[in-house]
Amino acid sequence: MKLKKQVTVCGGAIFCVAVFSLYLMLDRVQHDPARRQNGGNFPRSQISVLQNRIEQLEQLLEENHQIISHIKDSVLELTDTGAVSPSGQLPFRSANGSWVLPFDGRPTFLSVKPQDCQFALVFLVMLDVYSLLSFDNVDGGVWKQGFEITYEPTEWDNEPLQVFVVPHSHNDPGWVKTFDKYYNDQTQHILNNMVVKLAEDPRRKFIWSEISFFVKWWESADAHKQDVILILGGQLEIVTGGWVMTDEANAHYFAMIDQLIEGHQWLEKNLGVTPRSGWAVDPFGHSATMPYLLKRANLTSMLIQRVHYSVKKHFSSSRSLEFMWRQAWGTDLFCHMMPFYSYDVPHTCGPDPKICCQFDFKRLPGSRVNCPWKVPPRAISDANVAERANVLLDQYRKKSKLFRSKVVLVPLGDDFRYDKALEWDQQYVNYQKLFDYMNSHPEMHVQAQFATLTDYFSAVYKANGVAQGQRPPGYPVLSGDFFAYADREDHYWSGYYTSRPFYKNLDRVLESHLRGAEILYSLAVAHARHAGMEGRYPTSDYSLLTDARRNIGLFQHHDAIAGTAKEAVVIDYGTRLLRSLIGLKRVIINAAHFLIMKNKDVYRFYQTEPFLETDDRRATHDSLPQQTLIELDSSPRYLVLFNPVEQERLCVVTVLVNSARVRVLTEDGQTLPVQLSAQWSSAVQMSGEASFMARLPALGLAVFHLYDSVDSPMTLRSDTLLRLPGRSQSVRGIDPLPVRSQVADPQPFYIQSQSLTLGFSGTTGLLESIRRKDDPQEVRVQIQFFTYGTRPSKDKSGAYLFLPDGNAKPYTQRDPPIVRVVEGPLFAEVVTYYQHFQQTIRIHNVPGVDGLSLDITTMVDIRDQTNKELAMRLLTDIQSEDTFYTDLNGFQIQPRRYLQKLPLQANFYPMPTMAYIQDSQYRLTLHTGQALGVSSLASGQLEVILDRRLMQDDNRGLGQGLKDNKRTANRFRLLLERRSSKSKKEAVDSGPVSFPSLLSHMTSAILNHEVLALPVIPKKRGVPPLRTFSPLAAALPCDFHLLNLRSIQNQDAHSPSPYTALLLHRLGLDCGLEAQNPGFNCSTTQGKVSPRSENRGSLVIPMSLTLMYSAAPLSNSSIISLEPMELSAFKLKLR
Ligand SMILES: [Zn+2]
């Protein structure tokens, strides 16, 4: 009864605060002149002022009504579940058999303002283009995938054709060779020759994009530094300037931005250059996230290449290859799409590869490479220059007919080109002769030259009379993306969305660690400086951060995270990632050590004696992590929990302990209920893990005490039931954890929590239904497994391509699976053991985010299979028809349509963080902890490819199959949401724009940023007093994602400057899904946040995304304001 009173008092208090803030807000509205100005036409007459105030009042009342109803909900929820336990603080079983947890006395609320729910504007949409195209692949003649191009010879009489030939060399930072091997064999020679050969003639130009290689060369090539600075004056252009040319399907926007910052920061410090144009000739399909990131980094134009041949043909025929690539929420970037098959020379001078190949002078007779079209190049001489120039001009003219201006771009290069001095001479000397001839013959009406990419774009803008980056009149505007990519026939590059899922998962783990390490390091260094203890803190950890930024950056390369490199190269990437993971765990531990010390005076750092242990360990780069065992005795063992999420988090934490009598206390001595369960080494072998509910501060570190205690009434054992297919198996339980077993029957069985009831098939042991506590309706959500084979024909699936032998076949095995059902006060789970996978579905019995979705881990091992792909399919009654939704880079949602006219493999899309289906009633979202390929092949279905084992190469240059499969843990969170009655129409009408709900964003955050449990290592003289560290003075608005808090490098490259980069993303929200209590306090604020209270900053400078351009520092009174979906960077001086 006492507790109930507390709850009521608390709820009442919040009500009062809410009413008071309503008053304050009204007051501010009236007196805040800035706000009035923003409002634009504030009415002048008395009546309209009054009207306006009434409207504001109504609106605020509406918002407050929501807040109050949320408080009411959370209070109801608590009383309803009987949170006031009859036995004080102990969890207990209610009459219906479900576990009830004691309430920790903290009601929560969520307030989302209607203005913060965004719906956007749209233009020419790729989705419609796909619906329109016939994908018939008619033979186009010399331009096989296109059409015949004709022109009138007089077309350039008044305005000559401007030809910009851009020499380039595509350097993969790892593919068939490792990064270092490529560097030693080719790249260093390319760059060495570059400085010599460009210096020979000021008319020569060159572009470079991979900064990872450039840095390695720069650091070893002292002699050339001066020369480089000279040619940077205009002969050498750095394009994009990222650490690598990133994969755009599997890469997460955190890592895409981080590698762009790493590249740009290096360029700014060492060369003083700022890239203007983006260059992406090889990623296997292009994402709409890229133009946004480049735009925010202040680039003005971009180029893409690998787009479906039918789309290229369509865009060519409508002269739409150059367009403004626009986001659904408005901002855009000028984009050039290359029209032909490839970025090599035969496919860049014009439509006829047989002709263009004759102008690749590296292929002159006697060279290792030749022209497959059987006509070799001829060196240019006085005798043939006229004829050659006319043949080439014909191609240039035809190519230019596909574009709207009389300016034509002609890339001149290929993979690892220009590594020999001879090639530089062959290309540059022969082309110069052709240019000289063309330019000296006015009757040809052409001006040809070597150029950089930006030279070309500048000429296009100039020809159109618009400023750099502006939309030329009449140019199309387009939104959407370019997946799935096909280069010929039905060869869709949708296999690499899943290839090598082990490393796709490891990459995500690394990204979360990097973000966590950056944030904690920045905060620790700021605190240490403020306390005058900089000399005692290991600031040199900065080099570990740099190492990790660069290795994770390297892994974003389009053959790395894509899973399309040779086995030896995969090992090189894996080894780098593991080294960085170990380094990042050290940065986190060192920062956590300093931040949790109650008395900083007694802080001592010893390199060889870490204060904390890591949460887990990986023996090798290709093994799964082993959780750290916490050895307990009667003296307290401290445990530090790090919450990398920017909202307070109520969650179940599980640690491995050596005792069955574990007792867990909070920092202030409150005993927590513990669920003791077994860690299972096989289906029937177990050894103890302790789970407890923890409330963790946003981005903070919380301290807990663990004991081995004889008297631990709060420690409750899990109830374990093995459902066995027959009576032959024996079960060995370990005292004191009882295990019951029974022979499985075909009847469905259920597990439940305070929010969810899950039904499972008695036969397959797999999920069959979900029922939300607030919904009387049980929803069918069936999980089934399927396999795809490969075709009998010549072209088979490989690392890049998915070429299935027809529809998937149900996965079958001779014996029914063993199924283990574990139930306790904090969680319940079902583990189903099949030969090639084990699936664990766990639900947490806690209020809020952690308790509202299903935690699914699918352990996959297909190492004994040949030419098989394993798929997990979700089958529901949701009327999704042919529409489904997948994310792009974890940044935005792209609606998809299943197209019957396309082959099955064309309907698969990348899923870096989530995919969902929906109808007017429900939305089912599968959140993922690693990038995988996904589709919806029928209404109500979602299907994910979990792993692929392929025995052959797929003829895209790799020269290998995919045979190095690992035991892989694929992580998911499945969330079933219900649409509120008033937004049912919106769900149907939302068209080509969609956003996740706030709950979905939070679910993705907790899946991708796990709590790190760091045990304090026992000290001989005892552990000094520790205390919880919470860095945020006030909660961040709930639609703000703190993407990074990244220490900026000092001049010396090995230590941090006094500045930190704060990267914020304001999330786009769909508020039409019923908001369940997420378990934390937050509200939306129309995109406004005060930097001073949130981030302890004393100086805030708005920056471009990669910190190359700055605006005036914010004045003391100003607040940060972000538009929906806006990503912004700020430079802060923390204190
Ligand atoms: Zn490449």
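Counting starts at 1 for both ligands and their atoms, following the listed order. Being a predicted model, the structure only gives us computed values, none of them experimental. The residues of the chain are indexed from 1 along the displayed sequence.
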Point to revise | Atom of Asn250, atom of Ile561 and distance for their closest heavy-atom approach | key: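 Heavy-atom minimum between the residues: O-CD1, 3.7 Å.
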Check your understanding: Quick one: is the NZ or CZ of Lys966 closer than 6.0 Å to the six-membered ring centre of Phe502, and within 45° of its axis?
Key -> no
Exercise for review: Please check if the distance between the ring centroids of Tyr431 and Phe361 is under 6.0 Å.
Suggested key: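 Under 6.0 Å, so yes.
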Practice item. Kindly confirm whether the Zn ion (ligand 1) is within less than 2.8 Å of some N/O/S atom in His170? Key: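 Short answer: yes, at least one N, O or S atom is under the cut-off.
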Review point. Under the criterion side chain to side chain contact (heavy atoms under 4.5 Å, CB included), which of Leu232, Ile231, Thr454, Val166 is the partner of Glu237?
Key: Thr454
Check your understanding: So which N/O/S atom does Asp282 have closest to the Zn ion (ligand 1)?
Key -> OD2
Exercise for review: Could you check which N/O/S atom of Asp172 is closest to the Zn ion (ligand 1)?
Suggested key: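 Checking each N, O and S atom of Asp172, the shortest distance to the Zn ion (ligand 1) belongs to OD1.
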